[in-house]
Amino acid sequence: NVFFPLFTQKKGDEFSFLFKKVFYYSLSISLLLTTMIAIASKPFIVILFGSGFELVALPLLILSFLIIKELVYQSIDSFIVFREFSNKFI
């Protein structure tokens, strides 16, 4: 995680505030990207690869929702690791 050095310097309420802020912005960007992919998947595929590949739009749409799943999973995992790390050295 890119924010690991920053998170390790924060304790208590600062840690919680920073984690919530990072999670909020990451989730916002992920939802925006997922929505854009969901709306534009078929035109994007047709423009990029031609009309013979329009069936690929459905798998792209399904896979785009994994962006949100991965963000939530990685955030929860990072939160647990950072909590254990900070509790160990406090």
Side-chain angles (χ1 to χ4, degrees):
N1 194 335
V2 174
F3 296 103
F4 186 71
L6 187 60
F7 284 149
T8 56
Q9 296 172 0
K10 306 296 180 188
K11 292 179 178 60
D13 290 337
E14 287 181 336
F15 172 80
S16 296
F17 175 76
L18 183 63
F19 184 81
K20 287 176 187 176
K21 204 71 146 161
V22 168
F23 182 74
Y24 171 77
Y25 286 115
S26 298
L27 185 62
S28 298
I29 291 169
S30 296
L31 285 173
L32 178 65
L33 287 173
T34 302
T35 304
M36 288 173 39
I37 291 171
I39 291 171
S41 62
K42 190 171 183 176
F44 177 73
I45 293 296
V46 170
I47 290 170
L48 219 58
F49 301 108
S51 61
F53 289 93
E54 27 185 54
L55 293 176
V56 176
L58 181 61
L60 177 63
L61 176 64
I62 293 168
L63 290 173
S64 69
F65 289 102
L66 291 177
I67 295 171
I68 297 171
K69 179 213 153 267
E70 275 303 308
L71 170 73
V72 171
Y73 173 77
Q74 291 296 328
S75 296
I76 291 171
D77 186 47
S78 296
F79 182 76
I80 292 169
V81 168
F82 295 139
R83 277 292 183 190
E84 288 177 5
F85 182 77
S86 63
N87 289 338
K88 190 181 226 182
F89 293 104
I90 291 178

If I take atom [atom1] from residue [X] and atom [atom2] from residue [Y], how far apart are they, to the nearest 0.5 angstrom?
X	Y	atom1	atom2	result
Ile29	Tyr24	CD1	OH	10.5 Å
Ser41	Met36	OG	CE	12.0 Å
Leu55	Lys42	CG	NZ	8.5 Å

Worksheet, complete the sentence: Result for side-chain contact (heavy atoms from CB on, under 4.5 Å) between Thr35 and one of Ile39, Leu33, Leu32 points to Ile39
Discussion item. Is any side-chain heavy atom of Ile37 closer than 4.5 Å to one of Ile67?
Written reply: yes
Worksheet item: Is there a side-chain contact between Phe49 and Val56, using heavy atoms and a 4.5 Å cut-off?
Response: no
Fill in: Taking every non-hydrogen atom, the tightest pair across Val46 and Glu54
CG2-OE1, 3.9 Å
Item to complete: Measure from the side-chain N and O atoms of Thr34 to the backbone N and O of Leu31, and report whether any donor-acceptor pair falls under 3.5 Å.
Response: no
Discussion item. Using the rule that Ile, Leu, Val, Met, Phe, Trp and Tyr join whenever any side-chain heavy atoms are under 4.5 Å apart, tell me whether Leu48 and Ile45 fall into a single cluster.
Written reply: yes
